[in-house]
There are 2 protein chains.
Amino acid sequence: MPGNKVHTIADLVRDFGVTARTIRFYEAEGMLTPERQGQQRLYHPRDRVRLKLILRGKRLGFTLAEIREIIDLYHAAPGELGQLQYFLDKIQERRADLEQKRKDIELTLKELEEVDRTCRQHLLELARPGSKEAAE
Amino acid sequence: MPGNKVHTIADLVRDFGVTARTIRFYEAEGMLTPERQGQQRLYHPRDRVRLKLILRGKRLGFTLAEIREIIDLYHAAPGELGQLQYFLDKIQERRADLEQKRKDIELTLKELEEVDRTCRQHLLELARPGSKEAAE
DNA sequence: TTAGAAATTGACGTTTACGTAAACGTTAAC
DNA sequence: GTTAACGTTTACGTAAACGTCAATTTCTAA
């Protein structure tokens, strides 16, 4: 039920599969800013969105510093022209990075599919009883 | 000229953009096994291939332990049937992981493209002098 | 109201993946 | 024949990203 209510830290732990320590750590790093009700933290939908972005970045091997940069790109609306150009450059950097990762993934997947085929072939040969060293 | 000659560590440093410390570290971790000529290391094409695989894995955010597993998948030819099934499972795990990363990349790329468009739109508006707050 | 569950706050510990520095051995050039 | 340049070994250092207590507070259900 992550509709649009506020959530406790335990909710996030359950929903995202991370520890409370991790969530507080991200906050200490300035990447989450939950509301405070007395001592307790209250997480709004925007916090959930941010956490989701952080975890996605982690899965892709970005450091927290890089993830912070990426998220900043999302929410920044710079006024001046110089800033805008700088931003566009940053965006291109990140895009190039992601394209490289995509290529790396395609290559690795292809290789793994090849290994997979070879394995299944072996399996088939093992399953065929009357075919011992046919090609030797 | 990485044709099929042997190379010194300095060659790898130059060709792959990593430090000698890193290369020796990977060897200490058992991920590279260069020939020894006296005290010096000599790197063969297979070492270059492995290093390339390691670096590709790093770009994708895999730990060295995971990369080791993946590379092991490449070169393993297990005999028994139980081993084969275990292998196929491992391969599926890795593939699922890579597919997840691919999805993450697609999402992030789409979002960045959106930010890019918005930025360029801003730029256009700034470049148009006689259009101050038209939609206000 | 009291025991237990959940949350918070330090504070120190740990793992990964190297960096950095010191001390030493080889070899090629001058 | 010595001085760079390159390579090696050993060992301690470090940044990132949390883990793991311990002590305390806060909330909640019986």
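Residue numbers start from 1 in every chain, and the chains themselves are labelled A, B, ... in the order their sequence lines are given, proteins ahead of strands. Everything numeric here is computed off the predicted structure, so don't read it as measured data.
Residues passing the salt bridge (Lys or Arg N to Asp or Glu O under 4.0 Å) test with B:Arg95, sequence neighbours excluded: A:Glu113, A:Asp116. Scored by the side chain to side chain contact (heavy atoms under 4.5 Å, CB included) test, A:Leu107 finds B:Arg56 as partners (sequence neighbours excluded). Partners of A:Asp72 according to the salt bridge (Lys or Arg N to Asp or Glu O under 4.0 Å) rule, which considers only residues two or more places apart in sequence or in another chain, do not exist here. Applying the salt bridge (Lys or Arg N to Asp or Glu O under 4.0 Å) test to B:Arg46 and every residue at least two apart in sequence or in another chain returns nothing. When the salt bridge (Lys or Arg N to Asp or Glu O under 4.0 Å) test is applied to B:Lys58, no partner is found at least two apart in sequence or on another chain.
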Atom pairs, N/O to N/O, protein against nucleotides 28-30 of chain D, distance under 3.5 Å?
none

Seminar exercise, completed: Going 5' to 3' through nucleotides 11-25 of chain C and flagging B where a protein heavy-atom sits under 4.0 Å of the base, S where only the sugar-phosphate is that close, and - otherwise, we get B-----BBBB-----
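For residues 81-93 of chain A, the set of pairs meeting the salt bridge (charged side-chain N to carboxylate O under 4.0 Å, His left out) definition, not counting sequence neighbours, comprises A:Glu69-A:Lys90.
For C:dT9, one of the phosphate oxygens OP1 or OP2 lies less than 4.0 angstrom from a side-chain nitrogen or oxygen of A:Arg36.
Nucleic acid contact for B:Arg41: sugar-phosphate only, since backbone atoms but no base atoms lie under 4.0 Å from a heavy atom of the residue.
Side-chain contact between A:Leu60 and A:Ile67 is absent, with no heavy-atom pair separated by less than 4.5 Å.
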Distance-only criterion, 3.5 Å: show the donor-acceptor pairs between side-chain atoms of residues 34-42 of chain A and protein atoms not counting sequence neighbours.
unit_1, atom_1, unit_2, atom_2, d
A:Glu35, OE1, A:His44, NE2, 2.6
A:Arg36, NH1, A:Gln39, O, 2.8
A:Arg41, NE, A:Glu27, OE1, 2.6

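Separating the CZ atom of A:Arg24 from the P atom of C:dT8 is a distance of 5 Å, rounded to the nearest angstrom.
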